There are 2 protein chains.
Amino acid sequence: MTEPGPAPRRKRMPRAEREQQILAAAEEVFAERGFQATSMDEVSARVGVSKPMLYEYFVSKEGLLLACVARIRADLHTATLEAIAGAGPDGPRAVLEAGLEAYFDFADRHGRAWAVLLNESVIVAGPAEEAIEAIRGQQTLLIQSALSRWLPSASPERVAVFAHALIGAGERVARWRLREGAGIKPRESAALLADAFWPGFAVAAGLAPDIPAGPGPGPGVPAGLAPDAPAGQDSAKRA
Amino acid sequence: MTEPGPAPRRKRMPRAEREQQILAAAEEVFAERGFQATSMDEVSARVGVSKPMLYEYFVSKEGLLLACVARIRADLHTATLEAIAGAGPDGPRAVLEAGLEAYFDFADRHGRAWAVLLNESVIVAGPAEEAIEAIRGQQTLLIQSALSRWLPSASPERVAVFAHALIGAGERVARWRLREGAGIKPRESAALLADAFWPGFAVAAGLAPDIPAGPGPGPGVPAGLAPDAPAGQDSAKRA
DNA sequence: TTCCTTCCCTACTCTCAGTAGGCTACCGGC
DNA sequence: GCCGGTAGCCTACTGAGAGTAGGGAAGGAA
């Protein structure tokens, strides 16, 4: 009735181009529905191609997700790298802040796709988990190498903890911004987070004197949190 | 010898008890396989009960996951609360460190279940995402209330960023410990992470002088950030 | 034209979340 | 004891969607 013609055959297209098309559609659907609720049929329909194509090009649903993640991570990498390179001459604190700002900015621009692809939908278990962790691990390595430039004498553990802390903090704060802190601009957020990390970094780098373990009970005793358990003394020590 | 009897009929059992059994089995399977790869059939088989039971008690697969998450979160909450209450009299730094140590310790004791239930398997999108975020929010609230005791004059945004940063850092570092940093004890990890956060906190609380934005290019030129690394596919410091 | 590579499709299979509908063990009350 | 009645339980299905088998045609090279 609508289609007198026999075959609605698709237009042929070079592989690379079709791959990009598929990735774009997949990113959309993943962002809308999340990994779990995304069906390969819907992705293929949106591209205007049949399901076996997706499998031909990306092996599995997880493979498709992985490709999306890799792509968006690469973009993020570029954006951040540019930002910190630009801030390089202004010293470590500026680099820290610029990197964070670029990150938040990226998250803002990509909205839900960022959240799904980089943080949440993580499929878990199986090879995909490894792969995603690996992609993340590369950033960690880079941060570590950047850090160790200023912390030449710090132990590897200290550097690693710092790097992972920075990553985790960034992710969570970005997520919070997406959900509730909408009003706060990337720049302000970056400044706030940098305020939290910079002093610790400066101390570790020997740019500032160590800060003693503070006074006893501060302004208000943490009473609200039920000071009743047997005091587990001393938790301060260094590695 | 094994079972001459005819009917493999299950033993009857009060609802609450069966629920606990199911939760225990589910936690096991989720930890082994991840959410995605866990089948309700396997969980039910492991409990020794039929599938419709799971649905009767937990509504859906996500519901089952949610119940597991809620349970383990509650335990974590209790453990942390006790730890920081015990350290209360020793001042903020001790509280920070004690809380972190309790967290890492908890993660160690629960192994993969912790990772899957609290961080990874998150299904995303839909009500489950909300529910999981809500449970997490509880932890954030705990930290925020503890923080604001010492930062009475800080803006809410600053406190929120601090709290989320702390949570994100904790999660990420714990995950790293689980995967590679096996040798590092909870106590040392807590000390290292506290070293990263404490100075920033002390500055914000007015317990230490502000730390200026440091010198220009430090020990190593921050130019490019990675003069050597061919930056194939990693990301810079982003966060 | 003919061949052959690359791109693409229809039409399945199989696993698994979720459901319909019924049975039975146990706890009262008589 | 006997007789409901309810709470706990099960077998046997449906439907959706991931992944596959096996073939067809466009377009370039010879």
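Owing to the predicted nature of the structure, the values given are computational and were not obtained by experimental measurement. Just so it is clear: chains get the letters A, B, ... in the order the sequence lines come, proteins before strands, and each one is counted from 1.
- The CZ-P distance, from A:Arg12 to D:dG24, rounds to 15 Å in whole Å.
- Counted by atom type alone, B:Arg136 and B:Gln139 present zero donor-acceptor pairs between their side chains at under 3.5 Å.
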| field | Derivation of the side-chain contact (heavy atoms from CB on, under 4.5 Å) call for B:Met53 and B:Val47 | value | CA-CA 10 Å; B:Met53 283 283 85; B:Val47 186; over 6 Å; no
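- Contacts of B:Ser44 with the nucleic acid, taken as non-hydrogen atoms under 4.0 Å apart, are absent.
- Rounded to an integer number of Å, the gap from OH of A:Tyr57 to C1' of C:dC9 is 13 Å.
- Distances were taken from every side-chain heavy atom of A:Pro52 (C-beta onward) to each of C:dT10, D:dG19, D:dT11; the shortest belongs to C:dT10.
- Across all strands, A:Phe58 comes closer than 4.0 Å to no nucleic acid atom at all (heavy-atom distances).
- Ionic pairing of B:Asp105 and B:Arg109 is present here: one or more N-O contacts between side-chain nitrogen and carboxylate oxygen are shorter than 4.0 angstrom.
- Taking only side-chain nitrogens and oxygens, A:Arg18 comes nearer than 4.0 Å to OP1 or OP2 of C:dC8.
- Atom-to-atom, CZ of A:Arg33 to C1' of D:dG17 comes out at 14 Å; the value is rounded to the nearest Å.
- For the pair B:Leu65 CG and C:dA17 C1', the computed distance is 15 Å after rounding to whole Å.
- Sequence order on DNA chain D of the closest nucleotides to A:Ser39 and B:Arg15 puts B:Arg15 first from the 5' end.
- Each of C:dC9, C:dG18, D:dA18 was ranked by its minimum atom distance to the side chain of A:Lys61; first place goes to D:dA18.
- Atom pair A:Gln36:CD and C:dA17:P shows a separation of 9 Å (rounding to whole Å applied).
- Here C:dT24 presents its C1' atom at 16 Å from CE of B:Met13, a figure rounded to the nearest Å.
- Atom OH in B:Tyr55 sits roughly 5 Å away from atom P in C:dA17 (whole-Å rounding).
- Listed candidates were C:dC8, D:dA7, C:dG18. Nearest to the side chain of B:Lys51 is C:dG18.
- Contact annotation for B:Met40: backbone-only contact, meaning every heavy-atom pair under 4.0 Å involves sugar-phosphate atoms and none involves a base.
- Nearest to the side-chain atoms of B:Asp41 among the listed nucleotides D:dG8, C:dC8, C:dC16 stands C:dC16.
- Between B:Arg18 and B:Glu56, no side-chain nitrogen of the basic residue sits less than 4.0 Å from a carboxylate oxygen of the acidic one, so the salt-bridge criterion is not met.
- With rounding to whole Å, A:Phe35 atom CZ is found 12 Å from D:dG17 atom C1'.
- Ion pair B:Arg175/B:Glu171 not flagged as a salt bridge, since none of the NZ, NE, NH1 or NH2 atoms sits closer than 4.0 Å to an Asp/Glu carboxylate oxygen.
- Toward the 5' end of DNA chain C, the nearer of the two residues A:Pro14 and B:Ser60, judged by each one's closest nucleotide, is A:Pro14.
- Side-chain proximity of A:Glu56 to the nucleotides C:dC8, D:dC10, C:dT10 is greatest for C:dC8.
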